[in-house]
Chemist: 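Pasting a structure below so you can have a look.
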Protein chains: 2
Amino acid sequence: MARPGSEHPTELELEILKILWDESPLPVRDVRARLEAQAARPLAHSSVITTLNIMFNKGFVKRKKDGKSFLFSPKLQKKAVTGGIVGDLLSRVFDGSSSALVMNLIETADLDSEELAALRKLIARKAKEQQQ
Amino acid sequence: MARPGSEHPTELELEILKILWDESPLPVRDVRARLEAQAARPLAHSSVITTLNIMFNKGFVKRKKDGKSFLFSPKLQKKAVTGGIVGDLLSRVFDGSSSALVMNLIETADLDSEELAALRKLIARKAKEQQQ
DNA sequence: ACAAATCATCTAATTATTTAGATGATGTTA
DNA sequence: TAACATCATCTAAATAATTAGATGATTTGT
């Protein structure tokens, strides 16, 4: 009875990817420091490097030897990852309906008038592209 | 060294919640049948009821005794669950920026002109509400 | 040169999540 | 009534995810 893994990054993995999206390449030491400082996750050095190596084996990050340490970088773009998570949410909960999710977000999110205006523009642009 | 659980439903739990959102209350027998038919997850009866009871303990579902079986219903609304997952994604990846995620979705989603028109209306309504 | 710091590797442990068979109780059908 | 079907409970096991200390190697600082 196998427990299936997930195709998406786990919560800790997502935290680490975010750190690397913000700045990379980074050595483990720095990833560990930022996990503690930015994500309130104080982990031992070996906990962090273990997770990073698992992520490397999963194809989420690249690593490059630098002296005796490794520098890690994200291999997946932010959009690809969020697209995957959200796409999954779509197919599971919204029967694949993107617009239902987008509407749900717009209804629940706290958007100010500038953000709404920007969205309006984007939608107008999308609609225009569709007519061509 | 505890391994933290997640505050969100796991992938299987989300599949089960979807089934219950579509129709509830449901007995375990029916949940199991739909997992197999709709989610291509053929699990043993006891696997399903174990997961449902874990979900009950987590506060995700309600259950009511009916004869010798239990009927399960969702306790959380779809919006609350997706809002939680997406809110988490926001805070981890988009620094809390709802509009960035919504824009990301609009750009990547395959929306037809009717859907775009509906979004435009919703945004207009939101903008109007904000002026009051 | 020696001590301390840094680093990866190895090994181990905990917990969550998943999966399921055996068992006993209950209900239904022949 | 007996056999069968259905159901929850109990027990067990596999795997993923997480966490971390011990160890040896390398680098840095005194």
Side-chain angles (χ1 to χ4, degrees), chain A residues 1-19 25-36 39-73 81 85 88 92, chain B residues 1-19 25-36 39-73 81 85 88 92:
Chain A
M1 57 185 110
R3 183 218 173 177
S6 173
E7 67 173 289
H8 308 301
T10 62
E11 293 185 9
L12 178 57
E13 286 166 348
L14 203 53
E15 294 278 355
I16 288 172
L17 278 171
K18 161 121 181 18
I19 285 163
L26 282 183
V28 179
R29 183 192 62 223
D30 286 355
V31 175
R32 199 205 67 74
R34 289 169 194 223
L35 273 175
E36 178 160 11
R41 274 220 165 171
L43 301 178
H45 174 90
S46 54
S47 303
V48 177
I49 196 167
T50 299
T51 306
L52 278 164
N53 283 333
I54 287 166
M55 288 166 78
F56 175 72
N57 291 333
K58 287 185 180 182
F60 292 156
V61 295
K62 296 177 282 190
R63 72 184 181 191
K64 183 175 179 181
K65 193 78 171 178
D66 179 48
K68 72 169 184 176
S69 61
F70 282 110
L71 299 182
F72 287 87
S73 305
V81 172
I85 292 169
D88 212 42
R92 291 195 202 284
Chain B
M1 58 186 109
R3 183 216 171 184
S6 173
E7 68 173 289
H8 307 301
T10 63
E11 292 185 11
L12 178 58
E13 287 167 347
L14 203 55
E15 297 276 5
I16 289 171
L17 278 171
K18 162 116 180 29
I19 285 163
L26 281 182
V28 179
R29 183 192 62 225
D30 286 355
V31 175
R32 198 204 67 76
R34 289 170 194 221
L35 273 176
E36 179 161 8
R41 273 219 166 173
L43 300 179
H45 174 90
S46 56
S47 303
V48 176
I49 196 168
T50 298
T51 306
L52 279 164
N53 284 333
I54 287 166
M55 288 166 78
F56 175 72
N57 291 333
K58 287 186 180 182
F60 292 156
V61 296
K62 296 178 283 192
R63 73 183 181 193
K64 183 174 177 180
K65 192 77 172 183
D66 179 48
K68 73 170 183 174
S69 61
F70 281 112
L71 298 183
F72 287 86
S73 306
V81 172
I85 293 169
D88 211 43
R92 293 195 201 285

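First the proteins, then the strands, lettered A, B, ... as listed; each starts at 1. These numbers come from the heavy atoms of this one structure, side chains and all, not from hydrogens, waters or symmetry mates. Worth saying up front: this structure is predicted, and the values here are computed from it rather than measured.
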Chemist: To the nearest angstrom, how far is B/Leu26 atom CG from D/dC7 atom C1'?
Modeler: 16 Å
Chemist: Under a 4.0 Å heavy-atom cut-off, which of residues 61-72 of chain A touch DNA chain D?
Modeler: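 Heavy-atom contacts with DNA chain D come from A/Lys68.
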Chemist: Counting neighbours of NZ on B/Lys62 that are heavy atoms of other residues, nucleotides or ligands and sit closer than 6.0 Å, is the number greater than 12?
Modeler: no
Chemist: Would you say A/Arg29 and A/Ser69 make side-chain contact, with heavy atoms under 4.5 Å?
Modeler: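 Counting from C-beta outward, A/Arg29 and A/Ser69 never come under 4.5 Å.
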Chemist: Testing the basics here: between B/Phe60 and B/Glu13, what is the closest heavy-atom pair and its distance to 0.1 Å?
Modeler: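 Shortest heavy-atom separation between B/Phe60 and B/Glu13 comes out as CE1-OE1, 3.6 Å.
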Chemist: Check DNA chain C against residues 6-14 of chain A and give the residues with a non-hydrogen atom under 4.0 Å, in numerical order.
Modeler: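 Those residues whose heavy atoms fall under 4.0 Å from DNA chain C, taken from residues 6-14 of chain A, amount to none.
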Chemist: Remember a base hit wins even if backbone is also touched, and classify B/Pro4 as base, sugar-phosphate or nothing at under 4.0 Å, heavy atoms.
Modeler: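 Touches sugar-phosphate only.
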Chemist: Of all heavy-atom pairs between B/Ala44 and B/Arg32, which one has the smallest distance, and what is that distance?
Modeler: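 Minimum heavy-atom separation between B/Ala44 and B/Arg32: C-CD, 4.1 Å.
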Chemist: Taking atom NZ as the centre, does A/Lys65 end up with more than 12 heavy-atom neighbours from other residues, nucleotides or ligands that are less than 6.0 angstrom away?
Modeler: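 For A/Lys65, atom NZ is crowded (more than 12 foreign heavy atoms under 6.0 Å).
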Chemist: Where do B/Leu12 and B/Arg41 come nearest, in terms of heavy atoms and distance?
Modeler: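 Looking at all heavy atoms of both residues, the shortest contact is CD1-NH1, 2.9 Å.
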Chemist: For a 4.0 angstrom threshold against heavy atoms of chain B, report the outermost contacting nucleotides of DNA chain C in 5' to 3' order.
Modeler: C/dA13 to C/dT26
Chemist: What residue pairs, at least two apart or across chains, pass side-chain hydrogen bond (donor to acceptor under 3.5 Å, both in side chains) with a residue in residues 42-54 of chain B?
Modeler: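 Listed once each, the pairs are B/Asn53-B/Arg63.
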Chemist: Which parts of residues 44-54 of chain A get close to DNA chain C, meaning a heavy atom less than 4.0 angstrom away?
Modeler: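 Contacting residues: A/His45, A/Ser46, A/Ile49, A/Asn53.
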Chemist: Considering residues at least two apart in sequence or located in another chain, which fulfil the side-chain contact (heavy atoms from CB on, under 4.5 Å) criterion with A/Leu71?
Modeler: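 Only A/Pro25, A/Pro27, A/Asp66 meet the side-chain contact (heavy atoms from CB on, under 4.5 Å) criterion with A/Leu71.
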